[in-house]
Amino acid sequence: MIDGTAGVSGRRDADEALLDNPDALAEHDPGDMLRHTASGGAQVRESAALAAEANLAVLADDGRPRAVVIAGIGTAGRTGDVLATVAGPRCPVPIIGHRSAGVPGWVGAADVVIAVSASGRSPEALGAAEAAHRRGARLVAVGAPDSQLQSVAERARAPFIPVPRRAPARASLWALTVPVLLAARSLGLVKVNEADLAETAARLDADADRCRSAAESFVNPAKSLALGLAGSIPIVWGSSPLATVAARRFGDTLSANARYPVVTGALGEAGRGRVGLLDGVFGGLAEGERDIFADPSEDDGEGTRLRLVLLRDGGLNADDDTDEPLAVEERRADAVQTLAERRGVRCDVVTAEGGSALERLASLIAVPDFASIYLALAHGLDPMAVPAITEMKELSNQ
């Protein structure tokens, strides 16, 4: 009999003081999630080197594919979103994420399937790799070395890029993403050069330093963001397709690490309905009853309120014929910040930086990744150990 509360520990109210105590942080983070998250730059460099050793050139032998399917679940599935947004709207073929076993019915010899699994044994990636082999599609596999996925790739005589398991899957986004990008580069679908990778790795290193556990809350952007979100219902919106990928990634990590419910999506979609949340019982209606003279740090905790996180891209637009799409996104982002201010809903803004799409995406993901871990630690939660996930696997496999 499984006890539904087995292994569940922590506190409902966040302990702000704990975040400025490095020893306490280490004690509450036995799985070293902070250290794993800080390895993003190293992941980019290692995966780029491993991909260079794989025979990706054979992918180009049969020319441009009709479509590319990225098969995986969870963080592995997010790699397809990253590829699609880095490739941009001018990508000559569709890039399609597939998050269930097998492949879409139309996949055949004209297509490429990239199967991704950190463990190398997820049913989704394995099923997709097997189906791609049966249908004669070109296959690339990315996952743990000496795994079932590698065996399938070897049987199919397909390129396999090994990704050593140095961290949990959700802290391995960059290790899984870089091989996918480089496989797509071999197909002529995305422009990612060595300088882009080096600058992205340097950006991740710099953000890891800014977000290190020894940096106090008032200078640590991740701790500040975590404390702002504590006790709230987060809404995370991205101002552009690239920023929306980062927003959905933040939703993944807030749920998995900090166990917070979260609303994520594109700002354009939000403007068609979800922006109404700012008027609702957790938004403007709740904020209207707040004492404007009260100290926010002494909130009595009655009534959960929204907290808006806006990820703003700004865009590069170097290849666009017009700046109008960028101008629309910027006006929309300004508008939602004004709406939140008028309703008393607090808003945090993270703005992209960098010279390439990949580096800009990294700049929007790094600080929120750390914030999700600090939020978990503030609540006394172990960000790595999620009892509900373990129990779900046990119950599903009975």
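It should be emphasised that the depicted structure is a prediction, and the values quoted were computed from it without experimental measurement. Side chains are part of it too, since the values below use all heavy atoms of this structure and drop only hydrogens, waters and symmetry mates.
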- Can we say Asp81 and Arg99 salt-bridge, meaning some charged N sits less than 4.0 Å from an Asp/Glu carboxylate O? yes
- N-O pairing of Arg210 and Asp207 below 4.0 Å: yes
- Task: Measure the spacing between CG of Leu187 and CG of Leu59 and express it to the nearest 0.5 Å.
- Result: 5.0 Å
- Note on the structure: Going by chain and number, the hydrophobic cluster around Phe370 (ILVMFWY, side chain to side chain under 4.5 Å) further includes Leu18, Leu19, Leu25, Met33, Leu34, Leu227, Ile373, Tyr374, Leu377, Met384
- Query: Quick one: does Ser47's side chain have a donor or acceptor within less than 3.5 Å of a partner on Ala175's backbone?
  - Reply: yes
- Query: Got a sec, which pairs hit salt bridge (Lys or Arg N to Asp or Glu O under 4.0 Å) with one end in residues 120-148, sequence neighbours left out?
  - Reply: Glu130-Arg155
- Item | Passing option when Thr79 is tested against Val178, Ile114, Thr177, Val142 for side chain to side chain contact (heavy atoms under 4.5 Å, CB included) | Thr177
- Item | Where at least one partner belongs to residues 229-266, residue pairs that pass ring-ring contact (aromatic ring centres under 6.0 Å, His included), sequence neighbours excluded | Tyr260-His379
- Message: Less than 4.0 angstrom from a charged side-chain N to a carboxylate O is my criterion; do Asp313 and Arg360 meet it?
- Response: yes
- Task: Please determine if Arg185 and Glu194 form a salt bridge, counting it only when a charged side-chain N lies under 4.0 Å from a carboxylate O.
- Result: yes
- Item | Charged N-O contact under 4.0 Å between Asp252 and Arg170 | no
- Query: Is Lys223 salt-bridged to Glu216, cutoff N-O under 4.0 Å?
  - Reply: no
